[in-house]
2 protein chains.
Amino acid sequence: MAFKASHNLDEQIAEYLSAQIIQGKLEPGERILEARLAEELGVSRGPIREALRILERKRLVKLIPRRGARITEVSAAYIEWLYDILNELYSLVARRAAENRTQKDLAQIRRSVKRIEDCAVRGDVPGYYDAIFEYASIGQQAARNPLLDQMLKDLEPSTRRAQFASLSLRTEDLKQNVAFF
Amino acid sequence: MAFKASHNLDEQIAEYLSAQIIQGKLEPGERILEARLAEELGVSRGPIREALRILERKRLVKLIPRRGARITEVSAAYIEWLYDILNELYSLVARRAAENRTQKDLAQIRRSVKRIEDCAVRGDVPGYYDAIFEYASIGQQAARNPLLDQMLKDLEPSTRRAQFASLSLRTEDLKQNVAFF
DNA sequence: TGACAAAAAACTGTTGACAAAACTCTAAAA
DNA sequence: TTTTAGAGTTTTGTCAACAGTTTTTTGTCA
């Protein structure tokens, strides 16, 4: 089913499943059977297992010992909890980025904002989302706190999922980052 | 070396290694060899691998594909980054806990504070640390944001390590939580 | 019909072996 | 002396099989 190269299987599988989950092709609450997936992808259960651990870290699946993996649920409450945290963390990003930014950061930010506007004008919705995340990512790097950057990266898949669930308020929280320039 | 029961090996191994790393018995930057550790603990490499993934999630080891696992470094800068984030997240905990706390939460908090004081009086240093974490944990639960709770739990091992490294300012950040009562 | 117990099936946990990549050491050439 | 090429070693990645647990099914009794 999915293409496999001479790269690492676990990461490829995690990537593949990640996309499936974010796009809602796998139902929340659904069980993931190692053996079935292994056969489907033409690999053994080892890499599947490791991929599931990666997805657990990104909070896309929940692993319960001896009773397998399930796609995590994204309730309205969960989205609120997530945004409550993102709001807090991005406000920190904005403050630190404002302190530590360089000319190079600013130039990057301007390019990124341009890209967002272009996508908006063109009505390119997927591109718009990606541009928003790119923008956030640049801010994160400018904040010069790699741990914070990493934590937000880990939350990105959850955030993308939440966006799929609630398309309306998605910009509110990232907007915090605007204080940056 | 380490005791193994009919429970899950990966979690036990992760627990075991976690303690070793936090207590500084394994050097930062040190390589962890799967085969050596497997023989040492009398298990195969499978569970070792899964344990390493758990430790990666807790940021105690860094996994680099095809070149193994290393204990993460805890530089002064890293500790600052960590506390910068903890400060932010615990301020959120305090606010939400203040909003959502129940009588039961308050009673628990009071007991926990008592325990901290007792340990301080007795000069029970390890107990004091544990009491502080218990206290933080109760606050986290009272905040009624399970995602936030989980994120802080994931950070706990790193926090404990940072405490080992800098014993002086450890209370500063958790102190945020005091606004709670 | 419904509850319960035993048997069967399905699934995860663990292991040992093999393949492939990364690293180390040696030796020859510039 | 330093650099480079290659053989040999070490270590991680992947697989297939087996063991033990959990879940489902089947069958019996009230």
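Throughout, a chain's letter reflects where its sequence line sits, starting with A, and its residues are numbered from 1. Owing to the predicted nature of the structure, the values given are computational and were not obtained by experimental measurement. Side-chain atoms are counted along with the backbone in the values below, which use heavy atoms only and exclude waters and symmetry mates.
Rounded to whole Å, the distance from CG on A:Leu63 to C1' on D:dT22 is 16 Å. Atoms CD (B:Glu50) and P (D:dT12) sit 16 Å apart, rounded to a whole Å. Here C:dC23 presents its P atom at 10 Å from CD1 of B:Ile64, a figure rounded to the nearest Å. Protein atom CG of B:Asn8 is 14 Å distant from nucleotide atom C1' of C:dC11, rounded to whole Å. The nearest whole Å value for the distance from the CD1 atom in B:Ile13 to the C1' atom in C:dT15 is 13 Å. Per the geometry, CZ belonging to A:Arg67 stands 9 Å off C1' belonging to D:dT21, to the nearest Å. In this structure, the CD1 atom of B:Ile48 is 11 Å from the P atom of D:dT12, given to the nearest Å. Rounded to a whole Å, the CD atom of B:Glu39 is 15 Å from the C1' atom of C:dT15.
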Inset, instruction - Represent DNA chain D in dot-bracket notation, 5' to 3'. Only Watson-Crick or G-U wobble pairs with both distances under 3.5 Å count; pseudoknot-style crossings use [ ] and interstrand partners use |. - result: ||||||||||||||||||||||||||||||
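Residues that satisfy the salt bridge (Lys or Arg N to Asp or Glu O under 4.0 Å) test with B:Arg110, not counting sequence neighbours, are absent from this structure. Take A:Arg45 and apply the salt bridge (Lys or Arg N to Asp or Glu O under 4.0 Å) test, not counting sequence neighbours, and it matches A:Glu34. Residues that satisfy the side-chain contact (heavy atoms from CB on, under 4.5 Å) test with A:Lys25, not counting sequence neighbours, are A:Gln20, A:Gln23. In this structure, B:Lys62 has no salt bridge (Lys or Arg N to Asp or Glu O under 4.0 Å) partners at least two apart in sequence or on a different chain. Residues satisfying the salt bridge (Lys or Arg N to Asp or Glu O under 4.0 Å) test with A:Arg36, not counting sequence neighbours, are A:Glu40. Applying the side-chain contact (heavy atoms from CB on, under 4.5 Å) test to B:Glu88 and every residue at least two apart in sequence or in another chain returns A:Glu88, A:Ser91, A:Leu92, A:Arg95. Annotation: side-chain contact (heavy atoms from CB on, under 4.5 Å) contacts of A:Glu56 (sequence neighbours excluded): A:Arg53, A:Val61, A:Leu63, B:Arg57. The side-chain contact (heavy atoms from CB on, under 4.5 Å) search around B:Arg70 returns B:Arg31, not counting sequence neighbours.
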Distances under 3.5 Å between nitrogen or oxygen atoms of protein and nucleotides 7-11 of chain D:
from	atom 1	to	atom 2	distance (Å)
D:dT11	O3'	B:Arg31	NH2	3.2

Close N/O contacts between protein and nucleotides 15-17 of chain D (under 3.5 Å):
from	atom 1	to	atom 2	distance (Å)
D:dC15	OP2	A:Ser44	N	2.9
D:dC15	OP2	A:Ser44	OG	3.1

Only pairs under 3.5 Å count here: list side-chain donor-acceptor contacts from residues 113-122 of chain A, not counting sequence neighbours, and write none if there are none.
from	atom 1	to	atom 2	distance (Å)
A:Arg115	NH1	A:Glu134	OE2	2.8
A:Arg122	NH1	A:Asp124	OD2	3.3

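Clustering ILVMFWY residues whenever any of their side-chain heavy atoms sit less than 4.5 angstrom apart, transitively, puts A:Leu9 in a cluster other than the one holding A:Ile54.
For the pair B:Asp84 and A:Arg144, the salt-bridge criterion is not met [side-chain N within less than 4.0 Å of a carboxylate O].
Using a 4.0 Å cut-off, no side-chain N or O of A:Arg66 falls inside it from OP1 or OP2 of D:dT21.
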